[in-house]
Amino acid sequence: MREHSAAAPYVRSDGLPLTPELLDEFLDSLRRKGRTPETLLTYRRNLNLLYDSLSEEKAIHPGTLEAWRRELLAVGYAPRTINLCISAASSLLEYCGRRELQVQEPLKPEQTVQPELSRGEYLRLLSTARALGWERIYLLVKVFGSTGLMIQELPQLTAEAVRNGEVHLSGDVLHIPKCLRQELLSYISRAGILSGPLFVTRSGTPIRRTSVTAYIQRLAHDACVPVEKCTPRCLRKLYLTTRENIRSSLDLLMEQTYDRMLETEQMTIGWKDGA
């Protein structure tokens, strides 16, 4: 299948319609160019993030990517991550012959280090939410801190997913820890949530990303945690850091156990001078 040109059927004066079929076709073109499965997964997740951010018409217009970039910055994404998202969108626009819709200048790298939430601070957030009786905020903190779910994926945490014990994302499956699943099952039972996203507004629409951050930051003062650390991004980073530390500890334990095994074998059957 050849690349699309400016005369391709995707070209429209009122913008570029974005459809699941177009995304699949674009990703298939990357696969045929030899892109790795990991790269394709990253492209798909970033483009799905763009698709979900679009209005009901699901079309990219002049200025759409700039507005999307501002939204990503507002909810706490790192400039490097945002540049990767914009790069995926720009590649799609290049494929469709719509360079005029691209963002030309990438964001500059972060000048400051992202604050890191400690395990103790995380536990204080949970304890404070429980003491104040803010169950929904308690669950939001625990979801981001114990699953690694990204904020844009929150609407995919549905009643059905909780009952199944896992969230199906684009090319990935996220396991819900048993302790969290039991709390979520109790919550949806008492709230009468039969299906669909768990965290919604009174009108039934998924709560906005900025609102999610604002909810969590309500705990900052009482939990004695800096407000800049009370974000879904910091909670997810804690999850990733914790797992990496556990993995490193297991690797070290494996190396130590392996060395002891070799030493024992050496004492038993090792070559000895003059033997």
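Bear in mind that the values here come from a model prediction, so they are computed numbers and not experimental data.
Between Glu71 and Arg69 there is no salt bridge, since no side-chain nitrogen of the basic residue lies less than 4.0 Å from a carboxylate oxygen of the acidic one. Classification of Arg190 and Glu135 as a salt-bridged pair holds, one side-chain N sitting under 4.0 Å from a carboxylate O. The existence of a salt bridge linking Lys229 and Glu116 is excluded, since no basic side-chain nitrogen approaches an acidic carboxylate oxygen closer than 4.0 Å. The pair Asp24-Arg44 meets the salt-bridge criterion, with a side-chain N (NZ, NE, NH1 or NH2) lying under 4.0 Å from an Asp/Glu carboxylate O.
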Let me see the working for Leu65 and Leu101 under side chain to side chain contact (heavy atoms under 4.5 Å, CB included), right down to the final yes or no.
CA-CA 8 Å; Leu65 293 191; Leu101 300 178; 5.9 Å; no

For Cys96 and Leu22, what are the C-alpha separation, side-chain angles and deciding distance, and is it a side chain to side chain contact (heavy atoms under 4.5 Å, CB included)?
CA-CA 9 Å; Cys96 296; Leu22 174 58; 3.9 Å; yes

Take Tyr187 and Val162 through the test side chain to side chain contact (heavy atoms under 4.5 Å, CB included) and record every step on the way to the result.
CA-CA 11 Å; Tyr187 173 73; Val162 173; over 6 Å; no

Evaluate His61 against Thr64 for side chain to side chain contact (heavy atoms under 4.5 Å, CB included), listing each step before the verdict.
CA-CA 5 Å; His61 296 278; Thr64 295; 3.6 Å; yes

If you apply the rule side chain to side chain donor-acceptor pair (under 3.5 Å), what do you find for Thr39 with Thr36, and how did you get there?
CA-CA 5 Å; Thr39 298; Thr36 65; 2.9 Å; yes

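Counting only distance, with no hydrogens or angles, the side chain of Ser29 and the backbone of Phe26 share a donor-acceptor pair below 3.5 Å. The closest donor-acceptor contact from the side chain of Ser211 to the backbone of Ile207 lies at 3.5 Å or more, if one exists at all. No donor-acceptor pair under 3.5 Å is formed between the side chain of Glu121 and the backbone N or O of Val225. Distance alone, capped at 3.5 Å, is enough to place a donor-acceptor pair between the Ser249 side chain and the Asn245 backbone. Although no hydrogens or angles enter the test, the distance criterion places no donor-acceptor pair under 3.5 Å between the side chain of Arg236 and the main chain of Phe144. With hydrogens and angles ignored, the 3.5 Å screen pairs no side-chain donor or acceptor of Glu100 with any backbone N or O of Pro62. With hydrogens and angles disregarded, a donor-acceptor distance shorter than 3.5 Å links the side chain of Thr147 to the backbone of Val143. Judged purely by atom type and a 3.5 angstrom limit, Ser127 uses its side chain to pair as donor or acceptor with the backbone of Leu123. With Ser186 contributing its side chain and Gln182 its backbone, the two residues share no donor-acceptor pair below 3.5 Å. Checked by atom type and distance alone, the side chain of Lys58 never pairs as donor or acceptor with a backbone atom of Thr19 at under 3.5 Å.
In the displayed structure, Arg136 atom CZ is contacted under 6.0 Å by more than 12 heavy atoms of other residues, nucleotides or ligands. Within 6.0 Å of the CD atom in Glu265, the count of heavy atoms belonging to other residues, nucleotides or ligands exceeds 12. Annotation for Arg163: atom CZ counts as buried by contact number, over 12 foreign heavy atoms lying within 6.0 Å. More than 12 heavy atoms of other residues, nucleotides or ligands sit less than 6.0 Å from atom CE of Met261. Around CZ of Arg208, the count of heavy atoms belonging to other residues, nucleotides or ligands within 6.0 Å does not exceed 12.
Donor-acceptor pairing under 3.5 Å is lacking for the side chains of His221 and Gln217.
Leu50 and Ala89 get closest at one heavy-atom pair: CD2-CB, 3.9 Å. In terms of heavy-atom proximity, Ile151 sits nearest to Pro232 at CD1-CG, 3.7 Å. Of all heavy-atom pairs between Arg45 and Met150, the closest is NH2-CE, 2.8 Å. Heavy atoms only, all atoms of each residue included: Leu174 and Gly148 are closest at CD1-C, 4.3 Å. Across all their heavy atoms, Cys230 and Ile216 have their closest contact at O-CG2, 3.6 Å. Closest heavy-atom contact between Tyr51 and Pro20: OH-CD, 4.0 Å.
The hydrophobic cluster containing Tyr138 does not contain Val200, counting ILVMFWY residues as joined when their side-chain heavy atoms lie under 4.5 angstrom apart, directly or transitively. Placement of Leu140 and Leu132 within a single hydrophobic cluster is found when ILVMFWY residues are connected by side-chain heavy-atom separations under 4.5 Å, directly or transitively.
Looking at Pro115 and Cys234, their side chains come closer than 4.5 Å, going by heavy atoms from C-beta outward. With a 4.5 Å cut-off on side-chain heavy atoms, Lys142 and Leu126 count as touching. Side-chain contact between Leu117 and Lys237 is absent, with no heavy atoms from C-beta onward closer than 4.5 Å. A heavy-atom distance below 4.5 Å is found between the side chains of Leu72 and Cys85. With contacts defined as side-chain heavy-atom distances shorter than 4.5 Å, the pair Tyr239/Leu149 does not qualify. For the pair Leu198 and Ile188, the minimum side-chain heavy-atom distance is below 4.5 Å.
Put simply, CG on Leu125 and CG on Leu235 are 6.5 Å apart, with the number rounded to the nearest 0.5 Å. In this structure, CD1 in Ile246 is found 11.0 Å from OG1 in Thr241, a value given to the nearest 0.5 Å. Atom OH in Tyr43 sits 9.0 Å away from atom CG in Leu84 (nearest 0.5 Å). A distance of 12.5 Å separates CG of Asp28 from CG of Leu23, quoted to the nearest 0.5 Å. Residue Ser87 holds its OG atom at 13.5 Å from CD1 of Ile82, rounded to the nearest 0.5 Å. With values rounded to the nearest 0.5 angstrom, Lys178 atom NZ is found 11.5 Å from Leu185 atom CG.
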